[in-house]
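Keep in mind that the numbers below use all heavy atoms, side chains included, and drop hydrogens, waters and symmetry copies.
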Amino acid sequence: MTESLDTARLAAWRAYIEASQRLYTRLEDDLRADSALSFADYHVLVLLSEAPGQRLRMGELASRLVFSPSRLTYQITTMQRRGLVARESCPDDRRGSEAVLTAAGLLALREAAPHHLRSVRAHLMDDLDDAEVACLTRIFERLGQRLRADRDAHPHS
């Protein structure tokens, strides 16, 4: 019984990874074609736009994006050169820094959002089979439940 469950889990993860990689590649291509933002640029801008004061500590941003610190530093530096974000020291911790959304970054996000949403809808409908959609749906539902539980447990974080 355990062996078949492990085999089923492994197959589900393999399907999820393959589907998400294929979807990510297509979304990346579409988003760049329509807005000149990469998928990572887009998600950094979304997270900053939703954060209080449109700023996040670099560590918090890295954890939400599942980026390594060096990858995030590179990402923020390239976005900073393009004027999409600014990097400032944290008022409460001089050793740390925050990424801050700029007016240009907010404008780029607003212009990219319709292209991104259209691309996500198109690829979810056209490129994934029913089993892949079901697998992704289950994972996102569980993730949503965990995020809501975490938010409810820490309402002022």
| field | Main-chain N/O of G83 paired to T102 side chain as donor or acceptor, under 3.5 Å | value | yes
| task | Please report the closest heavy-atom contact between I76 and V44, naming both atoms and the distance. | result | CD1-CG1, 4.0 Å
For residues 46-54, please give each side-chain donor-acceptor pair under 3.5 Å, one per line with the distance, not counting sequence neighbours.
residue	atom	partner	partner atom	Å
S49	OG	L45	O	3.4
S49	OG	V46	O	2.7

| note | When every non-hydrogen atom of A104 is compared with those of L84, the smallest separation belongs to O-CD2, 4.0 Å
| Can you name the closest pair of heavy atoms from L56 and R64 and give their distance? | CD1-NH1, 4.1 Å
| said: Is the ring pair Y42/F39 parallel, tilted or perpendicular, if the boundaries are 30 and 60 degrees? | reply: parallel
| task | Check step by step if side chain to side chain contact (heavy atoms under 4.5 Å, CB included) holds for V100 and R87. | result | CA-CA 6 Å; V100 181; R87 194 164 168 183; over 6 Å; no
| said: I need the D41 CG to L109 CG distance, nearest 0.5 Å. | reply: 11.0 Å
| All ring pair (Phe, Tyr, Trp, His ring centres under 6.0 Å) counterparts of H115, not counting sequence neighbours | none
| Atom CG in D29, atom OG in S38: separation rounded to 0.5 Å? | 11.5 Å
| request: Kindly check if the number of other-residue, nucleotide or ligand heavy atoms within 6.0 Å of CZ (R71) is above 12? | output: yes
| said: Could you walk me through whether R57 and E98 satisfy the salt bridge (Lys or Arg N to Asp or Glu O under 4.0 Å) test, starting with their C-alpha distance in whole Å, then the side-chain angles of each, then the deciding distance to 0.1 Å, before giving a yes or no? | reply: CA-CA 4 Å; R57 295 177 76 129; E98 294 176 319; 5.7 Å; no
| If you measure from CD on E28 to NE2 on H116, what distance do you get to the nearest 0.5 Å? | 11.0 Å
| task | Without swapping roles, check the side chain of T78 against the backbone of Q75 for a donor-acceptor pair under 3.5 Å. | result | yes
| With distance as the sole test, does S97 use its side chain to make a donor-acceptor pair with the main-chain N or O of E88 at under 3.5 Å? | no
| message | Within the structure provided, determine whether L72 and M58 are in side-chain contact (heavy-atom separation under 4.5 Å). | response | yes
| Pairwise distance CZ(R55) to CG(L61) - rounded to 0.5 angstrom | 13.0 Å
